[in-house]
2 protein chains.
Amino acid sequence: MAKATRAAERREDALSRERIVDAAIALLDEEGEDGLTFRALATRLATGPGAIYWHIANKSELVVAASDAIVARALGEVPAVATPHQAIRRIALAVFEAVDAHPWVSAPLSRAPWQTATLQIFERIGRQVQALGVPGRAHFTSASALVSYILGVSVQNAAQGRALEPEVDRAAFLGTTAAQWKELDADEYPFTRTVAARLREHDDRAEFLAGIDLILTGVAASR
Amino acid sequence: MAKATRAAERREDALSRERIVDAAIALLDEEGEDGLTFRALATRLATGPGAIYWHIANKSELVVAASDAIVARALGEVPAVATPHQAIRRIALAVFEAVDAHPWVSAPLSRAPWQTATLQIFERIGRQVQALGVPGRAHFTSASALVSYILGVSVQNAAQGRALEPEVDRAAFLGTTAAQWKELDADEYPFTRTVAARLREHDDRAEFLAGIDLILTGVAASR
DNA sequence: ACCTGAACACCGTTCAAGT
DNA sequence: ACCTGAACACCGTTCAAGT
């Protein structure tokens with residue numbers, strides 16, 4: 001190891017990929033997607049914007065690394081449970097809540113497919129699908145469907161949260177949306193108008209898990 | 001109607017929201033997401049960038065309007081079919097293929113929830129769910145799950161396509177990915193390694209529709 | 001090897017001035 | 001009412017120069 005490298009490692013304020021990613025996560029959480037700029041990040045790391053490029057290729061790679069870290073952390077905290085069905089629900093919920101807490105994860109998750117984060121979710125879900133005891137040829141399809149659904153809902157939910165003014169609470173928001181839906185054109189939106197009433201008692205997490213159960217029922221039926 | 005307005009309407013090169021959105025779609029299709037700038041758009045419309053702001057509030061609204069147009073067009077072309085199950089597959093496939101052909105639709109679709117496009121898909125799917133004859137309380141959950149899945153897969157698939165170099169064909173890409181999956185760490189990715197072989201015979205559309213069938217099986221079981 | 005920060009080549013958006 | 005285009009306030013990224 002070169003002398004210069006060791007010296008840099010010893011300084012606790014030395015730049016590193018890890019420190020940069022951590023600072024990026026903090027910035028994204030505090031200021032939102034638009035808050036992450038190389039200038040703001042450099043200021044936070046007490047350096048110039050150019051320094052970051054020695055450790056990371058570009059902004060896209062930085063955001064992907066940040067989202068990988070969030071997903072890895074979330075999956076690492078999923079507790080072991082008795083049945084594969086329960087395990088799948090736990091993994092799904094962990095992803096949902098991670099994206100809900102860090103809405104900026106949506107962008108890399110839906111922009112960079114089969115990155116580490118997606119692959120980790122796929123792997124974790126896939127193992128439980130295997131454990132369900134369905135035929136081998138159904139494994140890939142079932143795991144893919146579950147992962148697509150999980151990502152789809154999580155991304156949609158995060159967008160919902162982002163669109164909301166912070167001071168508007170969920171109940172008020174659902175009430176407003178329900179009212180809007182009821183005023184839609186009766187010929188164009190008959191279904192939406194009919195289910196608008198149901199929106200008031202809407203529970204995102206419960207609805208999300210109900211969808212998981214729907215898919216798992218379908219998977220079980222393929223036995 | 002004011003004289004000035006009528007005069008403008010008569011000139012075939014007069015600016016209008018519709019002409020702007022059409023030009024934006026063309027630009028997005030030809031140059032990709034980064035190709036849409038107010039300067040490029042203004043050049044194409046033979047005007048200055050400021051002129052556009054008279055008709056459209058900002059870039060976000062423009063991209064949402066463009067994606068709404070794409071989805072509306074795609075849904076408008078879905079043929080009527082015999083069974084609700086078949087109809088749901090057709091609607092799903094129409095969305096999938098629209099997003100595949102216009103990958104930039106992904107961004108507004110996953111960023112602006114319950115915009116016109118999402119609502120239209122929800123409505124169309126919902127009507128067919130009603131026709132399936134499941135109990136009323138299951139309508140909302142079933143339609144939501146289907147829409148989330150459809151959007152999830154479509155967005156993920158579009159990202160896949162965008163990541164690919166244009167000259168790399170699908171077969172070669174799947175081969176490379178399968179090879180990469182097989183070289184993953186055996187302890188960390190046992191499932192992914194196992195299903196890697198299946199990737200070579202992977203058919204995106206077939207896999208997508210298999211997922212739809214999975215959910216519909218689950219919906220039917222809730223009767 | 002790693003850091004600095006000015007500079008480059010862009011953006012979206014605004015706005016005074018025109019017609 | 002609608003259009004023009006210069007100007008403002010930013011960006012991500014590069015790179016010569018430093019240590």
Side-chain angles (χ1 to χ4, degrees), chain A residues 1-25 27-28 30-67 104 107-108 111-112, chain B residues 1-25 27-28 30-67 104 107-108 111-112:
Chain A
M1 193 185 284
K3 216 182 281 175
T5 307
R6 252 196 282 153
E9 270 174 16
R10 226 177 277 128
R11 298 203 305 133
E12 99 269 349
D13 63 332
L15 230 45
S16 69
R17 197 185 150 90
E18 206 191 335
R19 275 195 67 224
I20 293 169
V21 172
D22 284 347
I25 291 174
L27 206 45
L28 285 161
E30 288 165 29
E31 315 279 344
E33 277 190 79
D34 296 340
L36 179 65
T37 69
F38 277 80
R39 273 163 251 260
L41 192 57
T43 304
R44 196 176 264 255
L45 293 163
T47 181
I52 297 163
Y53 283 88
W54 185 263
H55 302 273
I56 262 142
N58 51 47
K59 188 172 181 176
S60 167
E61 188 189 303
L62 176 58
V63 181
V64 167
S67 89
W104 49 268
R111 201 167 289 269
Chain B
M1 192 184 285
K3 216 185 280 176
T5 307
R6 254 196 280 152
E9 269 173 16
R10 226 178 278 126
R11 297 203 305 133
E12 98 269 348
D13 62 332
L15 232 43
S16 69
R17 197 185 149 90
E18 207 192 334
R19 274 195 68 225
I20 293 170
V21 171
D22 284 347
I25 291 173
L27 206 45
L28 285 161
E30 287 165 30
E31 316 277 345
E33 278 190 79
D34 296 340
L36 180 65
T37 69
F38 278 79
R39 273 162 251 260
L41 191 57
T43 304
R44 197 176 264 254
L45 292 164
T47 182
I52 297 164
Y53 283 89
W54 186 263
H55 303 272
I56 263 142
N58 51 45
K59 188 172 181 177
S60 168
E61 188 188 303
L62 177 58
V63 181
V64 167
S67 88
W104 49 268
R111 200 166 291 270

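In this structure, Tyr53(B) atom OH and dA16(C) atom C1' are separated by 17 Å, rounded to whole Å. The distance between atom CD1 of Ile52(A) and atom P of dT14(D), rounded to the nearest whole Å, is 13 Å. Rounded to whole angstrom, the span from the CZ atom of Arg39(A) across to the P atom of dA6(C) amounts to 11 Å. Atom P of nucleotide dA9(D) and atom CG of Asn58(B) are separated by 20 Å, given to the nearest angstrom. Separating the CG atom of Leu62(B) from the C1' atom of dT13(C) is a distance of 14 Å, rounded to the nearest angstrom. In this structure, Glu61(B) places its CD atom 14 Å from C1' of dG12(C), rounding to the nearest Å. In this structure, Phe38(A) atom CZ and dC3(C) atom C1' are separated by 15 Å, rounded to whole Å. What separates CD1 of Ile20(B) from C1' of dC2(D) is a distance of 11 Å, to the nearest Å.
At dC2(D), one or more side-chain N or O atoms of Trp54(B) fall inside 4.0 Å of OP1 or OP2 (strictly under the cut-off). The phosphate of dC3(D) (OP1 or OP2) has a side-chain N or O of His55(B) nearer than 4.0 angstrom.
The pair Glu33(A)-Arg111(B) meets the salt-bridge criterion, since a charged nitrogen lies less than 4.0 angstrom from a carboxylate oxygen. A salt bridge between Arg44(A) and Glu31(A) is absent, with no side-chain N of the basic residue lying under 4.0 Å from a carboxylate O of the acidic one.
As judged by a 4.0 angstrom heavy-atom cut-off over every strand, Leu36(A) is placed among residues touching the sugar-phosphate backbone only.
dA1(D): Watson-Crick or G-U partner is dT19(C), with both key distances under 3.5 Å. Pair assignment for dA7(D): dT13(C), on the basis of Watson-Crick or G-U wobble contacts that are both within less than 3.5 Å.
Between the Arg39(A) side chain and the Pro49(A) main chain, no donor and acceptor come within less than 3.5 Å of each other.
When the shell of 6.0 Å around CD of Glu61(B) is examined, it contains more than 12 heavy atoms from other residues, nucleotides or ligands.
Of the two residues near DNA chain C, Lys59(B) and Ala51(A), the one whose nearest nucleotide lies more 5' is Ala51(A).
Counting heavy atoms from C-beta outward, Asn58(B) and Phe38(B) have side chains that stay 4.5 Å or more apart.
Among the nucleotides dA6(D), dG5(C), dA7(C), the one closest to the side chain of Pro49(A) is dG5(C).
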